[in-house]
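Okay, so here's the structure we're looking at.
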Amino acid sequence: MLKSSLLFKIRYVLWLFSRRKFKLLYNYFWMYFWEWSEFSSKLFLIRFFPWGVPYPPSIEIEPTTACNLKCTICEHTYWDEKARNMSFEEFKSIVDQFPKLRWIGLTGIGSSFLNKDFLKMVSYVKDKSILVELIDTFNHIDEKTLEQIIDMEVDFYYISIYGTTKETYEKVCVGSNFDKVMNNIKYLIKLKQDRKTRLPILNFHYIVNKQNAHEVIPFLEQVHSLNAKEFQVLFTPLLHPFDEAKDMSIDIPSEKRVEIQNRAKELGIRVIYNDCARLDKPLIKDCTAWLEPFIFATGHVVPCCAGNEANRRGFQKETALGNVFEKSFQEIWNSDRYTKFRKMVHEGKVPVQCSGCSVYKTN
């Protein structure tokens with residue numbers, strides 16, 4: 001039977017309750033209600049009280065822009081700017097400005113585990129019972145690191161994989177080690193089973209491109225063979241087919257989606273798509289993503305993560321809404337610039353920061 005999202009969430013809630021993790025439960029229910037469907041409290045608030053929007057309850061922070069991989073589809077491969085690690089003190093200074101933080105995503109255009117302070121950052125937010133989501137390729141971790149991830153009880157973990165076979169994976173993710181990645185995944189699953197823990201909840205992320213599109217069905221079968229008790233598999237085309245990678249961009253045709261859904265149902269796997277290529281995108285006035293700001297390793301504050309992966313980092317910095325290493329986030333959030341940005345979105349106008357958005361209609 002295909003795994004039910006609701007059933008999975010109920011089991012997760014019961015698991016938290018059985019371990020008396022009441023603050024995490026509160027944050028989870030709060031965020032679930034906040035995000036629930038297009039008729040969420042978030043959208044309602046913006047629709048009817050546009051000037052009374054709350055301080056963001058969730059944020060994303062980029063711990064580093066360092067990465068020694070040369071993935072053919074990643075903007076980082078084509079950058080010429082110097083890598084930067086956010087220090088723990090810088091990270092702490094940001095988090096401490098959000099006393100009611102419910103959820104945090106710790107990822108960015110870099111490999112987080114290359115920052116020596118990264119696990120310390122994760123531990124800091126977990127000690128506050130904040131829901132934590134990581135996205136990682138599993139190339140820069142080892143067994144000891146995975147044991148620490150389990151010990152800290154990270155909540156959600158997206159494993160990004162770019163191929164089902166060694167040949168394809170290492171062709172897309174140049175400089176990677178497919179065998180190491182698979183061994184790390186298997187070790188994490190074994191750790192979860194040995195310790196009888198549901199955390200971290202595993203999700204698998206497959207970025208579809210011309211180099212690996214032929215392996216989407218084998219990928220589902222591979223995930224199933226791992227017995228990972230995964231929550232879902234996310235298929236994503238290139239969010240922004242920028243010049244250097246546009247020749248590798250490919251959509252998933254409807255007939256292929258039917259094949260994927262049928263096989264996923266047979267295997268009992270929940271599949272979702274990041275449909276950035278859809279033509280019937282919602283209007284910008286329906287956007288609520290800006291209530292989850294993204295903070296670069298350099299401190300620049302951009303409205304959300306949707307502008308990333310377009311290989312225009314310079315533009316993002318130039319049009320940033322502020323820098324948390326120069327002013328407090330509260331000052332930035334209440335500034336004329338941020339206020340004008342929110343007003344434009346509410347009125348259905350496209351701020352310059354949102355030009356080329358992969359999710360909402362901007363032209």
Below 4.0 angstrom, N of the basic side chain to O of the carboxylate: do [X] and [Y] qualify?
X      : Y      : result
Arg263 : Glu266 : yes
Arg195 : Asp151 : yes
Glu215 : Lys171 : no

Please report the C-alpha distance between Asp251 and Arg257 in whole Å, then the side-chain angles of each, then the deciding distance to 0.1 Å, and finally whether the salt bridge (charged side-chain N to carboxylate O under 4.0 Å, His left out) criterion is met.
-> CA-CA 10 Å; Asp251 192 18; Arg257 294 190 183 212; 3.7 Å; yes

Report, as yes or no, whether the 6.0 Å neighbourhood of atom [atom1] on [X] holds more than 12 heavy atoms from other residues, nucleotides or ligands.
X      : atom1 : answer
Asp127 : CG    : yes
Glu255 : CD    : yes
Lys190 : NZ    : no

Please find out if less than 6.0 Å separates the ring center of Phe138 from that of Tyr157.
->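 Yes, they do, as the ring centres are separated by less than 6.0 Å.
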
Verdict with reasoning, Gln232 to Tyr158, per side chain to side chain donor-acceptor pair (under 3.5 Å) | CA-CA 9 Å; Gln232 62 194 15; Tyr158 272 90; 2.8 Å; yes

Rounded distance [0.5 Å steps], OG1 in Thr72 versus OH in Tyr78 = 5.5 Å

Kindly give the cluster partners of Ile109, where membership spreads through any ILVMFWY side chain lying under 4.5 Å from a current member.
->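 Result for Ile109 is Trp79.
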
State which residues pass ring pair (Phe, Tyr, Trp, His ring centres under 6.0 Å) with Phe22; sequence neighbours excluded, sorted by chain then number.
->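 Per chain and number, Phe22 pairs via ring pair (Phe, Tyr, Trp, His ring centres under 6.0 Å) with Phe17.
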
Using distance alone, with no hydrogens and no angle criterion, decide if Asp117 and Tyr124 have a side-chain donor and acceptor under 3.5 Å apart.
->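 Their side chains do not contain a donor-acceptor pair, so the 3.5 Å distance test is not met.
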
For Gln316 and Asn308, does a side-chain donor sit closer than 3.5 Å to a side-chain acceptor?
-> yes

Applying side-chain hydrogen bond (donor to acceptor under 3.5 Å, both in side chains) to Ser328 and not counting sequence neighbours gives Glu331

